[in-house]
Amino acid sequence: SLFAPVCIDDLDEIIQPCHSLCEEVKESCAPVMSAFGFPWPDMLDCSRFPKDNDLCIPLASSDHILPVTREAPKVCDACKNKNEDDNDIVENLCKNDFALKIKVKEIAYINGDTKITPETKSKTIYKLNGLTERDLRKIVLWLKGGLQCTCDEMNDINVPYLVMGQKQAGELVITSLKRWQKGQRAFKRFSRSIRKLQC
């Protein structure tokens, strides 16, 4: 309705989508776009569209459809924003098999899981347990069930991330994902503590 709008000969203007139609589309699409690192575009700002009592394209009639209660999209466990103090990040490191600072090269979805391929050159390795040289050459990380949950923490693939996780059935599964906050105390402490780490 936005890119191929309805035009009526007697009217000088096109008929735009209604505000409610925009909101409905945004509610469905924004979480999926966010999972791929795309923000909701300004051109689809719902406040710019007319209210439903004006001449506009409304939601499809739902008289014959049973109402559906829509749950808010679930946040992936690894992406939950936990208020960790300076020591928690280091303690979390001890529970995991690997800890890497990465930039994301590619994100794909396979069988409902999110496959994250890091950029090879931007990788910093803080901890690796039970991984061979071959594993290191082409590291692939997995966010289990990533297609069924959102990860707002990873909404910009141009910034670095601290990822920690465990080796499960030959795969590197992410259990914690945080945007690397340059200059933040917790990350400065993490970088210092890693050198004298004793788990």
Side-chain angles (χ1 to χ4, degrees), residues 1-84 102-119 140-165 168 171-181:
S1 63
L2 186 64
F3 294 109
V6 174
C7 298
I8 298 175
D9 292 339
D10 298 338
L11 283 178
D12 293 336
E13 53 190 324
I14 58 171
I15 301 176
Q16 293 188 306
C18 293
H19 181 84
S20 62
L21 177 58
C22 177
E23 288 291 350
E24 182 77 9
V25 172
K26 183 178 180 180
E27 191 181 333
S28 300
C29 297
V32 179
M33 291 175 67
S34 175
F36 281 91
F38 293 103
W40 189 249
D42 291 338
M43 69 176 298
L44 297 180
D45 177 7
C46 295
S47 64
R48 62 179 281 227
F49 298 116
K51 298 292 178 196
D52 290 45
N53 54 0
D54 293 332
L55 184 60
C56 59
I57 299 166
L59 281 167
S61 171
S62 56
D63 296 342
H64 60 288
I65 301 171
L66 290 172
V68 176
T69 53
R70 186 173 293 177
E71 293 177 15
K74 187 182 122 200
V75 177
C76 304
D77 288 339
C79 305
K80 284 182 178 161
N81 193 357
K82 306 169 192 87
N83 291 321
E84 296 175 318
I102 63 161
K103 272 196 168 181
V104 177
K105 178 183 176 185
E106 187 179 61
I107 296 176
Y109 292 89
I110 297 173
N111 298 327
D113 298 330
T114 306
K115 176 186 174 186
I116 299 168
T117 308
E119 282 183 7
V140 171
L141 306 169
W142 293 91
L143 192 58
K144 291 295 180 182
L147 198 56
Q148 283 79 44
C149 55
T150 62
C151 189
D152 289 342
E153 186 72 13
M154 195 175 68
N155 61 7
D156 183 354
I157 62 169
N158 298 310
V159 300
Y161 293 93
L162 172 64
V163 292
M164 298 189 221
Q168 297 174 9
E171 293 180 340
L172 301 183
V173 178
I174 297 171
T175 58
S176 170
L177 185 147
K178 292 184 176 305
R179 190 178 303 193
W180 187 273
Q181 306 282 351

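Note that these values count all heavy atoms, side chains included, but never hydrogens, waters or copies made by symmetry. Just so it is clear, the model here is predicted, and its values are computed rather than measured. Sequence positions, counted from 1, serve as the residue numbers for this chain.
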**Student:** Determine the minimum heavy-atom distance between F49 and P17, stating which atoms define it.
**Tutor:**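 Nearest heavy atoms, F49 then P17: CB-O, 3.4 Å.
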**Student:** Please report the shortest heavy-atom distance between Y161 and R179, naming the atom on each side.
**Tutor:**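 Nearest heavy atoms, Y161 then R179: CD2-CA, 3.5 Å.
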**Student:** Show the nearest heavy-atom pair for residues M33 and P39, with the distance to one decimal.
**Tutor:**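 Taking M33 first and P39 second, the nearest heavy atoms are CE-O, 3.6 Å.
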**Student:** Shortest non-hydrogen contact from W142 to K115?
**Tutor:**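 So the two residues come closest at CZ3-CB, 3.6 Å.
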**Student:** Using every non-hydrogen atom in the two residues, find where W40 and D45 come nearest and quote the distance to one decimal.
**Tutor:**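 Between these two residues, the closest heavy atoms are NE1-N, 4.5 Å.
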**Student:** Please give me the minimum heavy-atom distance between D52 and C56, naming the atom from each residue.
**Tutor:**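 Minimum heavy-atom separation between D52 and C56: CA-SG, 4.1 Å.
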**Student:** Decide yes or no for K103 and P160: does some side-chain heavy atom of the first lie under 4.5 Å from some side-chain heavy atom of the second?
**Tutor:**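 K103 reaches P160 side chain to side chain.
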**Student:** How long is the straight-line distance from NZ of K105 back to CD1 of I116, given to the nearest 0.5 Å?
**Tutor:**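 Answer rounded to 0.5 Å: 14.5 Å.
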**Student:** Out of curiosity, C22 SG to L59 CG, how far, rounded to the nearest 0.5 Å?
**Tutor:**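 So the SG of C22 and the CG of L59 are separated by 10.5 Å.
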**Student:** Atom NZ of K144 and atom CD of Q168: how far apart are they, to the nearest 0.5 Å?
**Tutor:**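 Taking NZ in K144 and CD in Q168, the distance rounds to 7.5 Å.
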**Student:** Does CZ belonging to F38 count more than 12 external heavy atoms closer than 6.0 Å?
**Tutor:**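 Result for CZ/F38: open.
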**Student:** Is there a donor-acceptor contact under 3.5 Å linking the side chains of T150 and D152?
**Tutor:**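 The answer is no; no qualifying pair exists.
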**Student:** Measure the spacing between CG of D113 and CG of L147 and express it to the nearest 0.5 Å.
**Tutor:**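 One gets 9.0 Å once the value is rounded to the nearest 0.5 Å.
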**Student:** Roughly how far apart are M164 CE and I174 CD1, rounded to 0.5 Å?
**Tutor:**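 Here the rounded value is 11.5 Å.
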**Student:** Using 0.5 Å steps for rounding, measure from the CG atom of L55 to the CD1 atom of I15.
**Tutor:**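 Rounded to the nearest 0.5 Å, the CG-CD1 separation comes to 4.5 Å.
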**Student:** Inspect cysteines C76 and C151 and report if their side-chain SG atoms are under 2.5 angstrom from one another.
**Tutor:**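 No.
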**Student:** Are I102 and L141 side-chain neighbours, meaning at least one heavy-atom pair lies under 4.5 Å?
**Tutor:**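 The answer is yes; the side chains approach within 4.5 Å.
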**Student:** Taking side chain as C-beta onward, heavy atoms only, is C79 less than 4.5 Å from M154?
**Tutor:**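 Counting from C-beta outward, C79 and M154 never come under 4.5 Å.
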